[in-house]
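Just the heavy atoms: all of them, side chains too, but no hydrogens, waters or symmetry mates, feed the values below. In what follows, chains are A, B, ... by sequence order, proteins preceding strands, each numbered from 1.
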Amino acid sequence: MTGAYGPLARKEDARFIRGQGTFVDDIAVPGMLHGAILRSPLAHARIVSVDVTAALAHPAVVAVLTGDDLAERGMAWMPTVFGDVQAVLATDKVRFQGQEVAFVVATDRYAARDALELIAVDYEPLPPLMDALTALDPGAPVVREDLPGGNRIFDWSAGDKAATDAAFAAADVVVGCDMMYPRSHPAPLETCGAIADYEAVGGRLTLTVTSQAPHAHRTLYAAITGLPEHRIRVVSPDLGGGFGAKVPIYPGYLCAIAASMTTGQPVKWVEDRSENLMSTTFARDYHMHGEIAATADGEILALRAKVLADHGAFNAAAQPSKFPAGFFHIFTGSYQTRAAYCEVTGVFTNKAPGGVAYSCSFRITEAVYLVERLTDMLARELGMDPAELRMRNLLRPEQFPYTTPSGWQYDSGDYPRALRLALDMAGYDELRREQAERRARGEYMGIGLSFFTEGVGAGPRSQMDILGLAMADGADLRVHPTGKAVLAISVQTQGQGHETTFAQLVANELGISPDDVDVVHGDTDRTPFGLGTYGSRSTPVSGAAAVVAATRVRDRARVVAAAMLEVAADDLEWLDGKWRVRGDPDLGFGIAEIARAAHSTLELPAGVEGHLDASAVYSPPNLTFPFGAYICVTDVDPGTGEVRVRRFIAVDDCGVRINPMIVEGQVHRGLADGIGIALMQSIVFDETGNCLSGSFMDYLLPTSLECPSPELGETVTPSPHHPVGAKGIGESATVGSPAAVVNSVVDALAPFGVVHADMPLTPGNVWRAIQGRPVRTDLSLS
Amino acid sequence: MKITVTVNGTDYARVVEPRLLLIHFLRDELRLTGSHWGCDTSNCGACVVWLDETPVKSCTVLAVMADGRRVTTVEGLPRGGVLDPVQDAFAACHGLQCGFCTPGMLMTARWLLDQNPDPSPEEIREAISGQVCRCTGYENIVKSVLWAAKHDGRAEGGGA
Amino acid sequence: MQVPAQVEYEKATSVEQALALLARYAPGARILAGGHSLIPMMKLRLAQPEVLIDINAITGLRYIEPVAGELRIGALARHADLLAAPVASEHFAILRDAERVIADPVVRQWGTIGGSLCQADPSEDLSAAFAALKGSMIIHGPDGNREVSARAFHTGPYQTVVRPDEMLTEIRLPIRLDGGSAYMKVARRIGDWPIGAAGAAVWLAGDGDRIADVGIGLTAVGATHFVAAEAEEFLRGRPANEETLARAGEIAAEHCRPGSDQRGPADYKRHLVRELTARVLRLAISRARGQAS
């Protein structure tokens with residue numbers, strides 16, 4: 001463990017344990033009005049008329065905005081993060097249940113809610129397209145007449161088709177499966193919201209908003225509103241979770257901005273939970289057909305996948321622009337393979353837009369789920385133990401850096417070691433013995449493995465951009481005369497602990513205490529540009545920027561120290577937190593003393609400026625590739641279909657760990673995600689277009705009783721290209737865990753002949769799988 | 001309607017609509033924003049406060065129902081400026097990440113320890129099973145409450 | 001968060017006062033007890049009463065007491081009270097089984113037994129438990145009290161026999177010897193509404209081999225009045241063995257009317273009825289024989 005790294009208690013906790021966090025809805029400003037959105041009850045309909053007369057007559061209502069009002073400002077439509085457009089307030093049609101139709105502004109939130117009922121909208125219903133599998137059928141309802149492709153958004157492929165087909169043709173064994181990764185929702189506990197405050201005289205907009213990417217937001221608001229970017233300030237205060245839900249720009253934010261411009265007063269809009277679940281970015285919704293080809297003795301030869309991606313009514317998938325299917329083509333996973341090919345077709349449906357969210361690392365959740373399910377199915381087909389099959393095919397340390405058949409260059413890893421550790425921790429052989437004994441007694445337990453490789457920390461800037469904004473992030477470091485430092489970063493924590501870990505990063509480089517480093521984030525007026533926090537990129541990108549900036553400060557400090565000691569800079573070495581004279585280590589100065597000198601009248605060499613500040617913009621040369629081995633033990637009651645997760649073993653490797661306590665906390669969460677996603681979470685629709693998962697009564701989240709106490713292990717394989725060898729960790733467990741749970745349940749049900757069952761594995765779905773009549777989980781039965 | 005509610009030891013007399021939810025009364029009227037809300041259907045528990053001696057989901061209680069009663073929120077946990085052991089515990093054991101569910105968890109943890117000074121991990125999990133955390137996976141919340149039980153001077157001191 | 005529509009509010013400190021207010025404001029008045037059934041409905045604006053009559057101050061309605069061979073539960077008893085009451089668990093394990101899986105510990109502090117019953121959600125657990133125990137409800141009205149069997153209390157989804165100017169005040173459960181009871185619930189997640197649940201109370205004859213009397217309550221599966229009447233009839237007088245239990249489960253499954261919804265498909269719910277009915281009968285019988293707790 002280096003210097004300032006370690007399980008340091010978090011600096012940000014002091015305010016949260018006192019209930020003194022500042023979340024968007026905690027803020028009240030003088031003259032603030034409250035907005036509420038009228039949403040479409042229909043999934044697909046033409047808007048005939050919108051009558052707001054009665055709403056305007058309500059004594060507490062100050063303004064009502066419709067799509068036509070916004071159109072006058074050029075704000076009725078906005079760009080999505082993936083270059084499509086999305087309606088802010090519908091003008092011609094509504095295209096998903098819950099779509100925004102009108103915006104009421106009132107003096108209090110209760111009146112705003114009441115006034116929604118006074119708006120009369122005349123809809124002409126249209127047949128809704130709710131089944132993505134029929135989206136490309138002739139005669140399917142067309143969601144986007146404004147685009148030329150019908151319901152087809154894109155066709156994309158990666159890999160070598162010819163080589164893959166050849167490998168499959170030559171294989172001894174081929175296993176294929178249709179599997180769904182159901183639509184889910186990140187559901188951070190704090191919903192989305194904003195306070196827009198437009199000050200007309202100076203032409204300044206201040207937007208306090210739940211945003212994981214304040215600078216990217218600012219650039220987009222400038223483009224949409226026509227306001228100059230330097231007069232827009234975006235402030236993200238404390239965020240109550242994000243998980244990708246707070247990356248996109250939502251119509252409600254723009255409505256609040258427009259309303260503030262119209263009324264001349266600050267306007268707050270905060271969504272309720274049903275709005276959050278029904279209209280903000282969903283996650284996943286991939287219909288996948290996967291195939292794995294192998295030799296008779298279990299060498300994986302090739303993988304093939306065909307995917308239908310349901311994007312909802314607008315293409316708002318938040319991923320780098322060159323990758324319409326995100327990083328799905330990492331689907332060869334952690335194994336040596338000779339060839340791979342995947343095709344992804346994206347379609348529109350009459351559902352809310354989104355797709356990339358909920359710790360997916362840009363679709364790596366989908367890819368890992370596919371390959372880990374196929375691997376288990378291959379093991380079953382071959383009669384091989386799934387751990388043994390994996391061990392046989394895992395990439396070996398000497399193969400790194402490894403370029404996969406689909407073009408990824410994995411940076412470092414010792415996969416077999418991680419798997420062995422997980423198996424030891426689980427007592428794998430003992431578990432298999434227990435399983436056999438229980439089966440003989442008519443009891444069904446399952447052991448499910450998942451080995452995953454993640455790719456996180458986008459950049460590099462040449463390859464990765466969102467709407468043309470390259471994914472490189474800045475860091476500004478200032479060391480004050482008394483040696484206290486302030487680090488301003490572009491990323492935005494929603495609970496990940498940046499105020500602590502980034503302080504540790506800088507403290508470690510400068511030999512000062514993390515207490516002496518304050519981290520500033522979330523305010524575009526006070527921080528450098530960057531693309532924000534998602535895809536586990538904070539440590540790999542912004543953390544690297546912070547280290548580079550700190551290194552520059554340290555290098556500048558060397559020159560200053562040399563001037564203080566009247567020696568040449570080369571005569572100094574950095575040792576134990578000070579620049580010391582080589583051969584005479586008692587002669588030296590630490591950063592605090594050097595900072596004082598750098599601000600003093602001390603004469604500095606020609607060309608060297610005073611103060612002790614530095615900036616960096618970091619474009620990572622590659623992603624970092626954390627990985628892990630997970631084992632999930634479940635007990636299944638075949639009489640009721642109930643699944644209980646008994647144990648979850650998780651070995652993670654995220655390279656160098658800055659704060660192991662925080663790393664483990666991230667893994668704990670992701671394992672809970674896996675249980676929820678595998679067993680209970682999904683956003684479901686009926687054929688008439690109703691979203692049936694619009695509350696926490698039906699969009700079920702795991703509680704403390706569903707999550708066993710996790711058993712964590714670690715290996716550390718530094719990233720060779722990251723300045724301190726760290727990789728990302730935030731999404732790893734969400735990526736790796738669902739397959740472990742599903743593999744476990746399917747393993748438990750093997751005696752019943754169950755080969756696959758789609759998530760969520762609710763009791764009913766499990767029972768139906770046992771009966772040999774699995775349920776289609778994304779559309780509700782009528 | 002005129003109501004008087006004692007919140008964290010202070011009496012507040014206010015005129016409110018009968019439909020005003022207690023959570024909004026606390027947050028918007030009294031500006032005690034430590035308690036949060038996260039759902040529409042009484043499932044998430046971000047709003048847990050005490051009404052008299054018992055924890056309640058304050059999104060499912062009308063402010064008028066608290067007339068003449070006592071409410072305790074997270075702001076009322078410290079005694080004489082000293083944090084409650086449950087508060088120290090969550091900081092010591094990384095029992096929070098984004099902090100949004102934390103006030104509700106603290107109130108339930110405090111109530112649990114007042115009833116049961118030495119709970120097992122299962123009893124802790126049961127006690128918080130009506131409250132959602134999206135960040136921690138609950139493990140460190142359980143550890144925090146166990147830590148608080150070991151370092152709890154208040155339960156022995158008695159009286160709320 | 002969603003918020004209720006405008007409503008007026010009155011507070012009652014006695015049953016008489018509550019009834020007077022109900023009479024004055026009916027039919028737009030609703031009783032407000034714990035509020036944990038009503039207020040969520042009001043927030044979603046599925047219920048929009050004109051007047052709420054808060055009865056929480058009627059402290060005399062919060063009790064759980066054995067009286068004259070019955071366990072009498074005041075309508076304002078909270079779920080947590082019932083779960084914690086030794087006298088309830090002692091005589092009716094089914095109530096402890098059910099309360100443990102109703103909502104969550106915090107909601108149970110405030111939600112009331114009366115409120116849950118009067119909300120009459122077709123998936124409400126105590127309705128089935130009280131039906132199995134063959135309890136009765138005491139309803140106070142302008143013309144006095146009346147007693148209604150728990151097995152006739154509910155008349156349809158969200159509908160009971162309680163008239164707009166009446167109020168449920170008490171639930172009575174006959175305390176009988178040589179009985180055992182149990183409740184089992186399957187849900188998509190702890191604290192969720194049931195996909196299907198079954199409760200059984202059995203009273204055995206003499207040597208414990210024969211079922212003298214039985215009550216079976218089912219919830220969430222469209223069983224009329226929450227009762228599996230045909231299965232009860234089949235079981236009466238029969239030997240308490242595995243074959244009988246299995247057959248009872250089948251009969252109960254045949255006569256319920258579950259619908260397919262997000263919680264599960266109808267065929268699965270019907271299967272659950274078959275499975276859970278047999279399981280709760282088995283456990284109830286074990287308890288009646290003193291072989292299980």
Next on the checklist: What part of B/Thr60 gets within 4.5 angstrom of chain C, counting heavy atoms only: side chain, backbone, both, or neither?
Outcome noted: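 Backbone plus side chain of B/Thr60, per the 4.5 Å heavy-atom cut-off to chain C.
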Next on the checklist: Please classify the contact of B/Val64 with chain C as side chain, backbone, both or neither, using a heavy-atom distance under 4.5 Å.
Outcome noted: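 Both backbone and side chain of B/Val64 come within 4.5 Å of chain C.
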Item to check | Minimum heavy-atom distance between C/Pro105 and B/Glu126, given as atom pair plus value | outcome: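 Closest pair (atom of C/Pro105, atom of B/Glu126, distance): CG-O, 3.0 Å.
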Next on the checklist: Is C/Leu52 close to chain B through its backbone or its side chain, or both, or neither, when contacts mean heavy atoms under 4.5 Å?
Outcome noted: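 Answer is side chain: those atoms of C/Leu52 sit under 4.5 Å from chain B.
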Next on the checklist: Can you tell me which portion of C/Gln109 sits under 4.5 Å from chain B's heavy atoms? Options are side chain, backbone, both or neither.
Outcome noted: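 C/Gln109 touches chain B through side-chain heavy atoms alone.
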Next on the checklist: With side chain to side chain contact (heavy atoms under 4.5 Å, CB included) as the criterion, how do B/Val56 and C/His36 come out once you've worked through the C-alpha distance, each side chain's angles and the decisive distance to 0.1 Å?
Outcome noted: CA-CA 10 Å; B/Val56 65; C/His36 278 53; 4.1 Å; yes
Checklist entry - Counting heavy-atom pairs under 4.5 Å to chain C, which of B/Leu20, B/Leu51, B/Ile23 comes out on top? => result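 Among the listed options, the one with the most contacts to chain C is B/Leu51.
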Checklist entry - Is there a side chain to side chain contact (heavy atoms under 4.5 Å, CB included) between B/Leu62 and C/Met42 once you walk through the steps? => result CA-CA 11 Å; B/Leu62 303 176; C/Met42 289 174 64; 5.6 Å; no
Item to check | C/Arg287: salt bridge (charged side-chain N to carboxylate O under 4.0 Å, His left out) partners, not counting sequence neighbours | outcome: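 Applying salt bridge (charged side-chain N to carboxylate O under 4.0 Å, His left out) to C/Arg287 gives C/Asp97.
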Item to check | Close side-chain approach of C/Pro40 and B/Thr41, heavy atoms under 4.5 Å | outcome: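 The answer is no, as the side chains (C-beta and beyond) never meet within the 4.5 Å cut-off.
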Next on the checklist: Are the side chains of C/Met1 and B/His24 in contact, using a 4.5 Å heavy-atom criterion?
Outcome noted: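 Contact flag for B/His24/C/Met1 side chains = yes.
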Next on the checklist: Within residues 131-143 of chain B, which residues come under 4.5 Å of chain C, heavy atom to heavy atom?
Outcome noted: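 The list, in residue order, reads B/Gln131.
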Checklist entry - In Å and rounded to the nearest 0.5 Å, what is the OH to CD1 distance from C/Tyr9 to B/Ile3? => result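 Here the interatomic distance stands at 9.0 Å.
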Checklist entry - Distance from C/Asp104 atom CG to B/Lys57 atom NZ, nearest 0.5 Å? => result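 Rounded to the nearest 0.5 Å, the CG-NZ separation comes out at 3.5 Å.
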Checklist entry - Does the side chain to side chain contact (heavy atoms under 4.5 Å, CB included) test come out yes or no for B/Met65 and C/Ile39, once each step is laid out? => result CA-CA 12 Å; B/Met65 293 165 76; C/Ile39 291 174; 4.0 Å; yes
Checklist entry - Would you say C/Arg100 has more than 12 foreign heavy atoms packed within less than 6.0 Å of its CZ? => result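 Open: at most 12 neighbouring heavy atoms sit under 6.0 Å from CZ of C/Arg100.
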Item to check | CD/C/Glu8: more than 12 non-hydrogen atoms of other groups inside 6.0 Å | outcome: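 At most 12 heavy atoms, drawn from other residues, nucleotides or ligands, come within 6.0 Å of this atom.
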Checklist entry - Just by distance, do the side chain of C/Lys43 and the backbone of B/Cys59 share a donor-acceptor pair under 3.5 Å? => result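 Yes: the side chain of C/Lys43 pairs with the backbone of B/Cys59.
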Next on the checklist: Go through it in stages, so that I can follow the logic: the residues are B/Glu17 and C/Val3, the test is side chain to side chain contact (heavy atoms under 4.5 Å, CB included), and I'd like the CA-CA distance, side-chain angles, deciding distance and then a yes or no.
Outcome noted: CA-CA 12 Å; B/Glu17 286 188 337; C/Val3 297; over 6 Å; no
